[in-house]
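Inspection log for the structure reproduced underneath, given as structure tokens.
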Amino acid sequence: MESGYSRVDEEIHPQLLDLIPKERNWFVKRDDDHNIEGRSRSRHGNGDEKKLELRLGPPGVEDWSLSDTPKSYKSPAKASANVPNTSQKRSAPAPVVGWPPIRSFRKNIASSSSKQAPPSDSQNVVVPDNVAKKEKTMETCQKGFFVKINMNGVPIGRKVDLNAYDSYEKLSTAVDELFRGLLAAQKDTSGNQEQEKAITGLLDGCGEYTLVYEDNEGDRMLVGDVPWHMFVSTVKRLRVIKTSEISNICLGSKQVKIRH
Amino acid sequence: MVYSFPEDVLEHVFSFITSDKDRNVVSLVCKSWYEIERWCRRRIFVGNCYAVSPGIVIRRFPDVKSVELKGKPHFADFNLVPDGWGGYVYPWIVEFSRAYPWLEEIWLKRMVVTDESLELISKSFKSFKVLVLSSCEGFSTDGLAAIAANCRNLRVLDLRESEVEDLSGHWLSHFSDTFTSLESLNIACLGSEVSFSALERLVARSPNLKTLKLNRAVPLDKLSTLLHRAPQLVDFGTGAYSAETRPDTYSSLSEAFSHCKELKDLSGFWDASPSYLPAIYPICSRLTSLNLSYSPIQSPDITKIITQCCNLQRLLVLDYIEDTGLNALAMSCKNLQELRVFPSEPYVVNPNVSLTEQGLVSVCEGCPKLESVLFFCRQMSNSALITIARTRPNLKCFRLCIIEPQAPDYLTFEPLDSGFGAIVEHCKSLTRLSLSGFLTDRVFEYIGTHGKKLKMLSLAFAGDSDLGLHYILSGCESLRKLEIRDCPFGDKALLANADKLETMRSLWMSSCSVSFGACKLLGQKMPRVNVEVMDESDCLDCKPDGCLVEKLYVYRTVAGPRHDMPHFIWTMGQDPAYSLN
């Protein structure tokens, strides 16, 4: 319902704002992990964390203010905006149109350097824009990156797709999901249904088990020290070991660094 | 008591005022100044070809020698603007051919130029001198042949990065044998080979030739011939810069370069092979501009060149330069004003190139005159940005593209708000800024507070809410162009700042949260602004108001809604008779 639009009025903004929900104070909820809910326009709600009080007025009126300290990025993960047609995670193979923002004629310098022919995205033929665009999709997209993961005491290993996660926390949860049942089955020799126990504390040394990995140099490393994307680029396989085993592994080393 | 000068005295005074901005101010002083000014303005700049009509321009400025027009939005460069959007120059040429028979210069950017337009240009303007087509498309080498054949006084033919349908290289031969006025020829964007002998003869009979930018098809072994014909060149672009290593080819090329005592600007270098690079060493110390961004040469070779270019002011290069090369740049090129580093492999997640934010920091710290940066990289930190801001407060243009969308500070995992905030706070003359990485609304608060001189802002995958957009629109007083993609900005901020849109040239928003309803409203309320949405549906009125718009382009205009739109573009908020194409 659009009221007051037949009048030509200097006071444009009050009329324009009639269409917008009447509440004068908006509270925009900010999620902890910055999950921008794509195009959802109904983000009103009483955000308990940070409240933004917006009072709509003509431009220049400084009524809008951020009330709180800047939020910090909590996890070593990247935020994922669920905006259609875009992909920020490496797990999604679909390329983002027009990103990164470079001109077509710059796209193939590296690969075409060995050829004498002009750039394939060349300007010598008028290629319909949509065809040219399709040609220039991502050259390499990261498909699923599966690594083996074994757990002490469980004879059967699993494989986990590291591209499906963007943080150590999520990986830890996944490990729990993968092995909880198998571990319970191992322990239960009597055939009774034993209660499945969650596998926790994989990253901080506080749990019964700890997550370690073998890197591209063949070394065994504690998971969690380096930024996630760096970890993914060097990890070759994963292992879930008993935390008590760590001192045995570090032969000759008196101090075992366990992170808290 | 003010005595007014005779008109011709005023006109003479005005002839020294060349900047459009100043001319516009002059024309606002009083009616007589407006009249005098409009009769003696010789150069017209139209930043958005749809902001005004040819008729209005001609009516106001009856005696014009040079016209510059810009068409498509900047994001067209990245394939975000669909084919058929518009930006046709033909209607303008038709009217100019009637009104300005003595037109000398046409400068076009991101416009659709047909062969028909080129033919009309070549036949309509007897003193035609300068044709610059920057990032244009729609024409073929046939159109170029018409220009070559008919423009007897042509001085400049510059096809910068245009997309040309290359039917043959024969067009160049259409320049007559008596044609000797050429000063600048840039055909770098053409794919096919032009007749080399025709080119050589053209160069030989053009004593005023200062700029020659060849296309990739011109082989290296022909360069020395051309250079010998034009030792007065100031600006030279090679073709493919590789060949079998042969001492005689090398020495003649090296000698040819040395003979060009005026050479200041080098570009081209497609497929460059390291063996021929030393041929340019003797002239490196004179170079003020170097474009290696089409060349796959690696850091050691790049570094060897750069360390000899002590007078370099402008460098375009690929990320092969790496941090070591950037460190060398910082130490050797104290006059550097502009740096652009492009990604060699933009779609590879972890390329084997050691280019980081440290390289950029080095250059900013080492080059006191640096004022323009375009930098593609894979990681950035707030501390690096803060260092850059503090050491280089004279930055005017800062465009940073971290390739992974929404990448946070790689050291602290925080948003890059404080880093970019420092940039806008310290760089008080910043007029152009492009952001990337993980950013919250807070960075926009900083920009709105400090970015008072900002004229152009580009955003992608940034912000949390309408507050971000509101900060920009309400705070950035000098804002002219705002382009946004994939940000959660919506109706509220747009509508609350509707007035602002009339003070700007244009606003582009794609994949944001703006609704059809808001667009209709905006269009209705702002008659001097065209609100154009792109949508493939047959019936826009059937769309619920709450539906989100995929692409939105809003621009101020005195020409009303345009009528040359393709079926998928709609002007919102107009009378129903107008809104359907």
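Naming convention: chains lettered A, B, ... in sequence-line order (proteins, then strands); numbering from 1 in each chain.
Judged by distance alone, with hydrogens and angles left aside, the side-chain atoms of B:Asp466 form a donor-acceptor pair with the main-chain N or O of B:Ala493 at under 3.5 Å. Judged purely by atom type and a 3.5 angstrom limit, B:Asp409 has no side-chain atom pairing as donor or acceptor with the backbone of B:Glu414.
Of the two parts of B:Phe342, only the side chain, counted from C-beta on, holds a non-hydrogen atom closer than 4.5 Å to a non-hydrogen atom of chain A. Contact of B:Ser140 with chain A is not made at all, since no heavy-atom distance falls under 4.5 Å. Looking at B:Ile402, the atoms closer than 4.5 Å to chain A (heavy atoms on both sides) all sit in the backbone: N, CA, C or O. Contact of B:Phe75 with chain A is not made at all, since no heavy-atom distance falls under 4.5 Å. Proximity to chain A involves both the backbone and the side chain of B:Ser135, based on heavy atoms less than 4.5 angstrom apart.
A side chain to side chain contact (heavy atoms under 4.5 Å, CB included) with B:Leu435 holds for exactly one of B:Leu416, B:Leu400, B:Leu459; it is B:Leu459.
With salt bridges taken as basic N to acidic carboxylate O contacts below 4.0 Å, none links B:Lys72 and B:Asp77. Salt-bridge check for A:Lys236 with A:Asp215: failed, with every basic side-chain N at 4.0 Å or more from each acidic carboxylate O. Between B:Glu193 and B:Arg216, none of the side-chain N atoms (NZ, or NE/NH1/NH2) sits under 4.0 Å from a carboxylate O, so this pair counts as no salt bridge.
Chosen from B:Ser273, B:Gly84, B:Gly490, B:Ser293, the residue pairing most often with chain A at heavy-atom distances under 4.5 Å is B:Ser293. Interface check for chain A: of the options B:Cys401, B:Ser418, B:Ser434, B:Ala217, the most heavy-atom pairs under 4.5 Å are formed by B:Cys401.
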